[in-house]
Amino acid sequence: IDRTASVSHEQCRQSVDRTLEAVCNQLHSLEGLEEAVQTPNPVTELPSVTEQFVEEQMDKGEMEQWEILRDALLTWPGPDRENIEKYKHWCCHKAWVERWITGSNKDPVFALKRILNHFKWRRAYNVDNILEEDWSEFEERGEMFLTGVDRDGRPSW
């Protein structure tokens, strides 16, 4: 019997249990859930010129919905223009834009608001730089362990 593997597995299980318990405790509190997913200053209204553009293009029927939404994003006149520039490659990706439309009940105006809020959330929580963060505290407590690497050599936790 390999006792070192058993201990390692047991430590892993206990760590997962502790983490799961902490997450469950936070989720039981509705306030905790709202704080965890809240986007600062969410986009609730679009500039009238953008909303008109989307509606006019939908009425014409010359373009697919994803193309209309892509064009609305790329010509976004509102605040947070730097988010559009940063994620421009996503805005031009048909499958990515179509997922947002589908998830918004085929309403491109609602999808546009959701995408803009998504970009704000990514920036507010620094999601794009997660690999550069210091995770040593979690490693010391045994809450994270390296399980390997992906195809690009990045750590898989």
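Starting from 1, each residue takes its place in the sequence as its number. These numbers come from the heavy atoms of this one structure, side chains and all, not from hydrogens, waters or symmetry mates.
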Closest non-hydrogen contact found for Trp90 with Val97 is O-CG2, 3.9 Å
Pairs of donor and acceptor atoms involving the side chains of residues 61-70, under 3.5 Å and at least two apart or interchain, shall be tabulated with distances.
{"residue": "Gln65", "atom": "NE2", "partner": "Lys106", "partner atom": "O", "Å": "3.1"}
{"residue": "Glu67", "atom": "OE1", "partner": "Glu64", "partner atom": "N", "Å": "2.9"}

Gap between atom OG1 of Thr75 and atom CD1 of Ile84 - 0.5 Å precision: 9.5 Å
Rounded distance (nearest 0.5 Å) linking atom CG of Leu73 with atom OG1 of Thr50: 9.5 Å
Hydrophobic cluster identity match, Trp100 and Phe110, side-chain contacts under 4.5 Å: no
Partners passing ring-ring contact (aromatic ring centres under 6.0 Å, His included) against Phe119 (at least two apart in sequence or in another chain): Tyr87, Trp96
Carefully, step by step, assess Glu82 and Lys86 under the rule salt bridge (charged side-chain N to carboxylate O under 4.0 Å, His left out). CA-CA 6 Å; Glu82 67 275 1; Lys86 182 173 184 175; over 6 Å; no
Report the distance from atom CD1 of Ile130 to atom CG of Asp128, rounding to the nearest 0.5 Å. 10.0 Å
CZ (Arg81) and CD (Glu85) are apart, to the nearest 0.5 Å, by 4.5 Å
How long is the straight-line distance from CH2 of Trp76 back to CG of Leu112, given to the nearest 0.5 Å? 6.0 Å
Donor-acceptor check, side chain of Asp134 to backbone of Ser136, threshold 3.5 angstrom: yes or no? yes
Side chain proximity check, Leu46 to Leu116, heavy atoms < 4.5 angstrom: yes
Within a reach of under 6.0 Å around CG of Asn105, are more than 12 heavy atoms found that belong to other residues, nucleotides or ligands? no
Hey, mind stepping through Arg123 and Asp80 against salt bridge (charged side-chain N to carboxylate O under 4.0 Å, His left out) and telling me if it holds? CA-CA 10 Å; Arg123 184 167 285 238; Asp80 300 319; over 6 Å; no
Please report the shortest heavy-atom distance between Phe53 and Ala72, naming the atom on each side. CE2-N, 3.8 Å
Separation of Asn83 CG from His118 NE2 (nearest 0.5 Å): 10.0 Å
Are Arg141 and Glu137 ion-paired here, with the side-chain N under 4.0 Å from a carboxylate O? yes
Using every non-hydrogen atom in the two residues, find where Arg114 and Ser104 come nearest and quote the distance to one decimal. NH1-OG, 3.0 Å
